[in-house]
Every structure is written in structure tokens, then in C-alpha cells.
Number of protein chains: 2
Amino acid sequence: MSPTHTDVPMAPAELDPCGMPDHPDCGIRDVLDRVGDKWSVLVVVELASGPRRFGELQRAVDGISQRMLTLTVRRLERDGLVTRTVYPTVPAQVDYRLTDTGASLTHLVKALADWSLRHREAIAASRHLYDQTHPDHDIR
Amino acid sequence: MSPTHTDVPMAPAELDPCGMPDHPDCGIRDVLDRVGDKWSVLVVVELASGPRRFGELQRAVDGISQRMLTLTVRRLERDGLVTRTVYPTVPAQVDYRLTDTGASLTHLVKALADWSLRHREAIAASRHLYDQTHPDHDIR
DNA sequence: CTGCATCCCTGGAGATACTG
DNA sequence: CAGTATCTCCAGGGATGCAG
């Protein structure tokens with residue numbers, strides 16, 4: 001088969017039967033695989049400000065490689081979080097924009113941003129303290 | 001230096017200057033590196049039900065290796081999301097519990113779970129459709 | 001401009017064996 | 001029980017070159 005390096009990876013398997021009330025991770029993983037992905041979040045955040053073209057996204061996200069951007073938007077498209085529109089112009093032109101679902105995800109990201117903002121200092125302090133209290137754990 | 005395989009990895013570098021209003025990823029990454037981590041989430045979710053001992057956690061999370069559990073709780077501890085208490089009993093005993101900060105994170109996880117539950121069908125359908133519309137992207 | 005195909009390399013993660 | 005120490009494997013992701 002030889003799947004190329006740029007095809008959509010996706011979830012290899014569902015691992016939560018979604019049943020026990022004590023383990024509310026019924027579909028969390030699906031989301032987290034997106035939200036947890038560094039690039040996905042940054043792309044979604046960028047698209048939250050409006051539709052963007054491929055190049056614009058790449059410049060906006062800053063640091064993302066072409067391959068990663070392609071993979072990221074592909075996954076988001078596959079999940080129905082963004083739409084990909086191709087304009088058959090001379091030099092190909094494509095724009096990406098959030099779907100309603102994708103837009104709703106933005107709210108969660110905002111919430112996360114909010115949370116991290118409220119706790120970032122505490123976390124930083126905690127880390128600092130930990131690093132001093134546990135010098136043996138030679139990190140870095 | 002030879003850092004062992006069980007020391008805390010952590011964020012290698014801050015990459016967002018946290019300034020531009022259009023890029024609200026000021027501290028998101030810090031959170032996402034936790035929230036996005038499969039094991040971290042599962043552990044936090046488990047601890048949301050109350051304090052757990054190492055073994056209990058390992059059994060509860062199911063699938064996590066000793067090393068990963070150690071790393072996960074270490075990171076969470078370092079970030080001040082969980083506290084680690086050692087009871088100098090004969091067979092060592094340790095319990096982990098969420099801090100207030102960690103508990104507040106639970107709410108976000110719940111929100112994510114909520115969102116994913118509301119959209120899981122749509123996403124699944126989208127994926128299915130995508131896979132059929134783009135057979136060329138030979139996945140699997 | 002947008003994207004696909006390759007090469008390549010590092011770090012994340014599992015398995016296993018050992019210790020206070 | 002609760003880790004720690006190693007070894008190993010492989011997928012994620014960067015760099016580069018080619019194509020529609």
C-alpha cells in the first residue's frame with residue numbers, strides 16, 4: 001500500500017467503550033487528539049479571525065512547516081472543523097475557514113486560554129519551586 | 001550529563017511572546033501540553049473522583065505503563081496540579097490528589113468532554129464522508 | 001501558489017529487570 | 001508498593017526537491 005507521508009493519520013483506534021460513569025472520556029480523546037495537537041490549535045485560533053489562504057496560514061502560525069500545515073488542515077477538514085475551498089485560478093488558490101463546528105471549538109480554546117492565563121503564574125512558580133526542591137531531577 | 005529516562009521533560013522553550021491580541025496563545029501551550037497529553041487527562045479525570053494511590057491510578061487508567069504514569073504525575077506535580085504525599089509506612093505508600101488548580105482544570109476537561117459528546121457524531125460522519133470522497137488518500 | 005514525495009533523525013513511549 | 005534504570009522501536013516532524 002505504501003501510504004505516503006502526507007496522508008491523513010487520524011485516530012488509529014477507539015479505545016474507550018464509553019460506558020462507565022467514572023470514566024467520562026467517552027469521546028474526549030477524539031477532541032483531544034485535535035485540541036491537544038499544537039498545530040491544530042494554532043491553526044484554529046488563526047482561522048477564528050477569519051478565512052485564510054494556505055500561505056497566510058503558514059505565515060501566521062509561524063514555525064509550522066508546509067507538510068505539517070497540510071496535514072493539520074487535512075485532519076481538520078476531515079473532521080469537518082474547517083472547509084477547504086479551491087479556486088481554479090491560474091496560480092492555484094485555496095482558502096480555509098472554520099465550519100460552525102470548528103467555530104464552536106474556538107470557544108473552548110478561548111476557555112483554555114483563559115484558564116492558562118489565570119494560572120500561568122502559579123504554574124510557573126510551581127515549576128520553579130519544584131526545580132529547586134528537586135535539583136536531583138536534572139532536567140534539560 | 002546523561003539525564004535518566006524518568007526525569008521530567010517539560011516545556012523546552014517558551015515560543016509565544018504573549019503580546020499580539022490576534023494571537024491569544026499567550027499561555028495556551030503550557031496548558032495544552034498538559035491537557036493535550038493523553039495520559040495527563042486520563043489521570044486528572046481519575047483524580048477528579050478523589051485521591052488515588054500509585055497502583056490505583058495505574059489500574060484505573062488502564063493501559064498506562066509505570067514509567068508513563070510516573071512521568072505524568074511528576075509533570076502534574078511540577079505544575080502544581082496534583083500533590084504527592086508519601087507515607088513512610090513499611091511498604092511505601094503514596095497518594096496523589098488534585099490541587100485547587102488541578103481541580104479547576106477538571107471543569108475544562110468536562111467542557112471538552114461535553115463538546116466532544118455533542119459533536120462526536122458529526123465528526124464521525126464527516127470523517128466517514130471524507131474517507132469516501134477521498135479514497136485516494138489511502139488511509140490504513 | 002499549493003501541495004505531494006523522500007530522506008532522515010530525534011524524542012516519546014513500551015517492555016523488562018532491578019531496588020528502597 | 002512505588003518507583004528507577006536501560007534498551008529498543010517507531011511514528012512525528014523538519015528539510016528539501018519536484019509537480020499541478
Side-chain angles (χ1 to χ4, degrees), chain A residues 1-13 15 33-34 36-40 42-43 51-77 82 84-96 134 136-140, chain B residues 1-13 15 33-34 36-40 42-43 51-77 82 84-96 134 136-140:
Chain A
M1 48 196 71
S2 73
T4 69
H5 214 210
T6 44
D7 57 21
V8 183
M10 72 193 296
L15 30 93
D33 285 344
R34 296 283 151 274
D37 181 36
K38 175 183 179 177
W39 301 127
S40 291
L42 298 180
V43 167
R52 295 293 141 93
R53 292 178 49 189
F54 191 86
E56 292 178 321
L57 274 179
Q58 184 163 27
R59 257 162 296 152
V61 172
D62 176 80
I64 192 172
S65 65
Q66 269 190 342
R67 196 174 73 86
M68 279 302 97
L69 181 52
T70 300
L71 280 174
T72 301
V73 291
R74 279 286 184 290
R75 284 190 289 234
L76 292 174
E77 184 196 3
V82 312
R84 177 171 174 276
T85 312
V86 182
Y87 299 101
T89 59
V90 182
Q93 186 172 333
V94 183
D95 83 36
Y96 297 90
H134 305 267
D136 46 310
H137 282 71
D138 58 328
I139 307 171
R140 295 179 208 282
Chain B
M1 50 197 70
S2 74
T4 70
H5 215 211
T6 45
D7 55 23
V8 184
M10 67 182 305
L15 30 92
D33 286 344
R34 296 284 151 273
D37 182 36
K38 175 183 180 178
W39 300 129
S40 291
L42 297 180
V43 167
R52 295 293 140 94
R53 293 177 48 189
F54 191 86
E56 293 179 322
L57 274 179
Q58 184 164 25
R59 258 163 292 147
V61 172
D62 176 78
I64 192 171
S65 64
Q66 268 190 342
R67 195 173 73 85
M68 279 303 98
L69 180 53
T70 300
L71 281 173
T72 301
V73 291
R74 280 285 185 289
R75 284 189 289 235
L76 291 174
E77 184 195 3
V82 311
R84 176 172 174 274
T85 312
V86 182
Y87 299 101
T89 58
V90 181
Q93 186 172 332
V94 182
D95 82 38
Y96 298 89
H134 306 265
D136 45 310
H137 282 72
D138 59 327
I139 306 172
R140 296 181 201 289

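In what follows, every heavy atom counts, from backbone to side chain, and hydrogens, waters and symmetry copies are set aside. Letters A, B, ... are given to chains in the order of the sequence lines, protein chains preceding strands, and every chain is numbered from 1. Just so we're clear, the structure is a prediction, and the values are computed from it rather than from any experiment.
- Nearest nucleotide to the side chain of A:Ala92, out of D:dT4, D:dG20, C:dG3: D:dG20.
- Of the side-chain N and O atoms in A:Arg67, none sit less than 4.0 angstrom from OP1 or OP2 of C:dT6.
- Contact annotation: B:Arg84 reaches the phosphate of D:dG3 (side-chain N/O to OP1 or OP2, under 4.0 Å).
- Each of A:Ile64 and A:Pro91 lies near DNA chain D, and the nucleotide nearest A:Ile64 is the one positioned closer to the 5' end.
- Within the nucleic acid shown, A:Tyr96 comes within 4.0 Å of sugar-phosphate atoms alone, with no base atom in reach, counting heavy atoms only.
- For A:Arg74, whose side chain is taken as the heavy atoms from C-beta onward, the closest listed nucleotide among C:dG3, D:dG3, C:dA13 is C:dG3.
- Considering only the side chain of B:Arg53, D:dC1 comes nearest among D:dC1, D:dG17, C:dA13.
- Qualifying side-chain contact (heavy atoms from CB on, under 4.5 Å) partners for B:Val86, counting only residues two or more places apart in sequence or in other chains: B:Arg84, B:Val94.
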Please list, one pair per line, the donor and acceptor atoms closer than 3.5 Å that link side chains of residues 54-62 of chain B to other protein atoms, with sequence neighbours excluded.
{"from": "B:Glu56", "atom 1": "OE1", "to": "B:Arg53", "atom 2": "N", "distance (Å)": "2.7"}
{"from": "B:Arg59", "atom 1": "NE", "to": "B:Gly55", "atom 2": "O", "distance (Å)": "3.3"}
{"from": "B:Arg59", "atom 1": "NH2", "to": "B:Gly55", "atom 2": "O", "distance (Å)": "3.4"}

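- Two end axes, each from the C1' atoms of five base pairs, can be drawn for the helix from C:dC1-D:dG20 to C:dG20-D:dC1; they diverge by 50°, to 10 degrees.
- Among residues two or more places apart in sequence or in another chain, the side-chain hydrogen bond (donor to acceptor under 3.5 Å, both in side chains) test is passed with A:Ser40 by A:Asp37.
- Considering only the side chain of A:Met68, D:dG14 comes nearest among C:dC4, C:dG14, D:dG14.
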